[in-house]
Protein chains: 2
Amino acid sequence: MSDAAAGTPESPPPSPWERERPVRARVTPAREPLSRERIVEAAFVVLDRAGLDKLSMRQVAAELEVAVSALYAYVRSKDDLLELMYTRLFAGFTLPEPDPDRWQEQVRDYARSWRWRLLSHRDMARISMAHVPFTAELLPYVEALLAIFRTAGLPDRIAAEAGDLISTYIDGFVLEEGMWQDRAAEQSGGGSLARPDWREMADEMQNYFASLPEGDFPHLRALSGVMVTDSSDERFDIGLEIILRGLASYLPDREA
Amino acid sequence: MSDAAAGTPESPPPSPWERERPVRARVTPAREPLSRERIVEAAFVVLDRAGLDKLSMRQVAAELEVAVSALYAYVRSKDDLLELMYTRLFAGFTLPEPDPDRWQEQVRDYARSWRWRLLSHRDMARISMAHVPFTAELLPYVEALLAIFRTAGLPDRIAAEAGDLISTYIDGFVLEEGMWQDRAAEQSGGGSLARPDWREMADEMQNYFASLPEGDFPHLRALSGVMVTDSSDERFDIGLEIILRGLASYLPDREA
DNA sequence: ACCTGAACACCGTTCAAGT
DNA sequence: ACCTGAACACCGTTCAAGT
């Protein structure tokens, strides 16, 4: 049917309740209406406060002071909500124009800032691991990363794998970071307001390794000092460097 | 108190119920008693049938034809059970004596067989990702892997990171494999008896990439043929090779 | 249009009670 | 000693009903 055929042109006739809205007789502060955005926001609040294992639709609803069932008008399922959170973590993220002479630095920058994003919300790496960025909203990021690898001159099969490899590395690394943090938190305090006591845990772990029987665990004992360090930034960069060197080995020899 | 002080020497007096056991008047087949081993076994059965999301203490109990509460005499919690499953996946796993001349092959063998172990049970990679092999039972495996890297001549900081990097890669790769399988299964059948239709899915994904607008996704389009292949074995080996080459770059130059 | 209340079919964990 | 039954405090999701 054409536009002309539809009786009222721009908008459908207002429903009885819509008509009453302009009055704005809100004595009580009248919360702003629900929306996907507000739900996702509340979900992040619950996530940071309680962790992924306690992130429930009911808790999100409570955070919004709304009945649980109300959420389902905006969100298909809990899985859907988690995917929205994953997608939102990319918001405002930018990848540079590929520069073949600086591809390693560009990948390093990407990896570091993606790690920071993951660290900005509790258990975010677990959510990230469970998703694959092949949705319409996220494909541009995949494209931009592949652009860096391909422009650098990596063979196609390597470039295709490189994105996956780097992403898995980042997610996996941050996931583990989170596990140590959780363990430190539950050890030192028990409650939610316990500060991680990160350093104390690293010391304890080093003592654990160092206390192993010499005959059975020579290598673990030897590495006890470097296995668990208090600066995980350094450990992150080392793993990243290993991957970058591996990738670089596939580059056709470049002449000056 | 000494042994002599305790009235009955070897064993405590039998309880009333223990006393009745020798009669063996079992008309009904009388299930063998519960044990950690039996519980873990049942958990694997439930896992393979229903997946991790539906693996519940109640389902495990049902599998054993026992009340849920009975499990808690053998297992501290569901987390504890998952850890036991993780540990059991290592059972019988062996790592070779480190041979500096064959370290790359040794790591390849390790990675491939660990991947096969993960693939032997549904969602096992997700369970693996959530754990760290620093328990008393699993430390020998960590030691053996570190032995390969250190004996090969890798610097300590690199060797310490290498184990983590490889393990994360394997878990992450298999995790993703599982996600594709799940997606293929729910697409092609819906029920539990649906065969994955793996190839069909790969084709569909390739078409998806190939159908993207040329201007916006030149690299994804160019790589559509290699991003999703029907043989993930090959993709696994490529990622592994990238890591191995990166590690090898830290080796002091070896003379012939 | 937008939200609530109640219900359904599940969870993990505890604990008194049975044999 | 070993297990059961019932209870508690939760889940995700649906759907008729309210305004």
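Convention: sequence-line order gives letters A, B, ...; per-chain numbering from 1.
Residue B:S69 places a side-chain atom within donor-acceptor reach of the base of D:dG5, judged by atom type and a 3.5 Å distance cut-off alone.
Following rounding to the nearest Å, A:L71 (CG) and C:dG5 (P) show an atom-to-atom distance of 14 Å. C:dG5 atom P lies 13 Å from atom CD of A:E65, rounded to whole Å. Following rounding to the nearest Å, B:L52 (CG) and C:dC11 (P) show an atom-to-atom distance of 13 Å. Taking atom CG of residue A:L34 and atom P of nucleotide C:dT4, one finds them 8 Å apart after rounding to whole Å. If you take NZ of B:K54 and C1' of C:dC10, they are 10 Å apart, rounded to a whole angstrom. Per the geometry, CZ belonging to A:R76 stands 12 Å off P belonging to D:dT13, to the nearest Å. The interatomic distance linking B:E32 (CD) with D:dA1 (P) rounds to 21 Å, in whole Å. Rounded to an integer number of Å, the gap from CG of B:L64 to P of D:dC3 is 10 Å.
Across the strands present, D:dC3 finds no partner; the criterion is a Watson-Crick or G-U wobble pair with both atom distances under 3.5 angstrom. Summarising the base pairing, D:dA17 is matched to no nucleotide, lacking a Watson-Crick or G-U wobble pair whose two defining distances lie under 3.5 Å. The pairing partner recorded for C:dC10 is none, the criterion being a Watson-Crick or G-U wobble arrangement whose two distances lie under 3.5 angstrom.
Side-chain N/O atoms of B:Q59 include one lying less than 4.0 angstrom from OP1 or OP2 on C:dC11. For A:Y74, no side-chain nitrogen or oxygen approaches OP1 or OP2 of C:dC2 to under 4.0 Å.
Ring geometry, A:Y86 versus A:H131: the interplanar angle falls under 30°, so the pair is classed parallel (tilted spans 30 to 60°).
Both tests do not hold together for A:R115 against A:F173: distance to the six-membered ring centre under 6.0 Å, angle to the ring axis within 45°.
Ring-centre distance between B:F209 and B:F217: not below the 6.0 Å cut-off.
A distance of about 22 Å separates the P atoms of C:dA9 and D:dC10, rounded to the whole Å.
Toward the 5′ end of DNA chain D lies the nearest nucleotide of A:M57, the other residue of the pair A:A70 and A:M57 mapping further downstream. Across the interface with DNA chain D, nearest-nucleotide mapping of A:S56 and B:A73 shows B:A73 to be the residue nearer the 5′ end.
In this structure, a donor-acceptor pair under 3.5 Å is absent between the side chains of B:T87 and B:E137.
In this structure, of C:dG12, D:dT14, C:dC3, it is D:dT14 that holds the atom nearest to the side chain of A:Y72. Closest to the side chain of A:R58, out of C:dT14, D:dA7, D:dC11, is D:dC11.
The minimum heavy-atom distance between A:M129 and A:G172, with the atom names listed, is CE-N, 4.0 Å.
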